[in-house]
Amino acid sequence: QMQLVESGGGLVQPGGSLRLSCVASGFTFRIATMAWYRQAPGKQRELVATITTGGSSTYVDSVKGRFTISRSNPERTMWLQMNSLRPEDTAVYYCNRPAAAATNEYWGQGTQVTVSS
């Protein structure tokens, strides 16, 4: 059974930083493209960043230059380093395998990020 456990969220001031973690189990992590998503209240879920098994990454335009996605296949873990945070980054952040996200196969509990002064 797939399991994804997100952590690292919290309350941070504008301009601050957070690092989110995602620990995966129940599938072959080392051959799976992974992604971070976020959802703010009243808004649709948004794809934030992706990373291939070899470490190639993509980002939504609004976070380019501020966020960095990374992974460790032996640890079955990926991270999202978030710098220069803005209030509009406030959302619940989720990790997932895009193929699973597309079918709503599974979603974890997410981790809340709140950017506010």
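Predicted model, so just to flag it, every value in this text is computed and none were measured.
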Could you walk me through whether Met34 and Thr50 pass side chain to side chain contact (heavy atoms under 4.5 Å, CB included), step by step? CA-CA 6 Å; Met34 295 294 295; Thr50 68; over 6 Å; no
Would you check, one step at a time, whether the test side chain to side chain contact (heavy atoms under 4.5 Å, CB included) holds for Glu105 with Met2? CA-CA 9 Å; Glu105 177 182 340; Met2 175 182 289; 4.2 Å; yes
I'd like to know whether the aromatic ring centres of Trp36 and Phe67 sit less than 6.0 Å apart in this structure. no
Using a 6.0 Å cut-off, check whether atom CD of Gln13 has over 12 heavy atoms from anything other than its own residue.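 Atom CD in Gln13 is not packed in, count stays at 12 or less.
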Over all atoms of both residues, closest heavy-atom pair of [X] and [Y]:
X	Y	answer
Arg45	Ala101	NH2-O, 4.0 Å
Ala35	Leu47	CB-CD1, 3.6 Å
Ser117	Pro14	N-CD, 3.7 Å

Hey, is the main chain of [Y] close enough, under 3.5 Å, to the side chain of [X] for a donor-acceptor pair?
X	Y	value
Asn96	Tyr37	no
Thr90	Val115	yes
Thr77	Glu75	yes
Arg76	Ala24	yes
Thr114	Leu11	no
Gln109	Glu6	yes

Can you find a pair of side-chain heavy atoms, one from [X] and one from [Y], that are under 4.5 Å apart?
X	Y	value
Leu18	Leu85	yes
Met78	Cys95	yes
Glu46	Val60	yes
Arg97	Tyr106	no

May I have the step-by-step check of side chain to side chain contact (heavy atoms under 4.5 Å, CB included) for Phe27 and Gln3, ending in yes or no? CA-CA 8 Å; Phe27 64 99; Gln3 184 168 273; over 6 Å; no
Going by an N to O cut-off under 4.0 Å, is there a salt bridge joining Asp89 and Arg86? no
Shared hydrophobic cluster, [X] / [Y] (ILVMFWY, side-chain heavy atoms < 4.5 Å):
X	Y	value
Val113	Trp79	no
Val63	Val12	yes
Ile69	Tyr94	no

Could you measure the distance from the CZ atom of Arg38 to the CD atom of Gln44? Nearest 0.5 Å is fine. 14.0 Å
Nearest 0.5 angstrom please: Ile51 CD1 to Ser57 OG, how far?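 It comes to 6.0 Å.
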Decide whether a cation-pi geometry holds between Arg66 and Tyr59; the criteria are a distance under 6.0 Å from NZ or CZ to the six-membered ring centre and an angle within 45° of the ring axis.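 That pair does not qualify as a cation-pi contact.
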Find out whether the Lys NZ or Arg CZ of Arg71 is both under 6.0 angstrom from the six-membered ring centre of Phe29 and within 45° of the ring's axis. yes
When you look at Asn73 and Thr53, which way does the side chain to side chain contact (heavy atoms under 4.5 Å, CB included) test go after all the steps? CA-CA 8 Å; Asn73 291 335; Thr53 185; 3.6 Å; yes
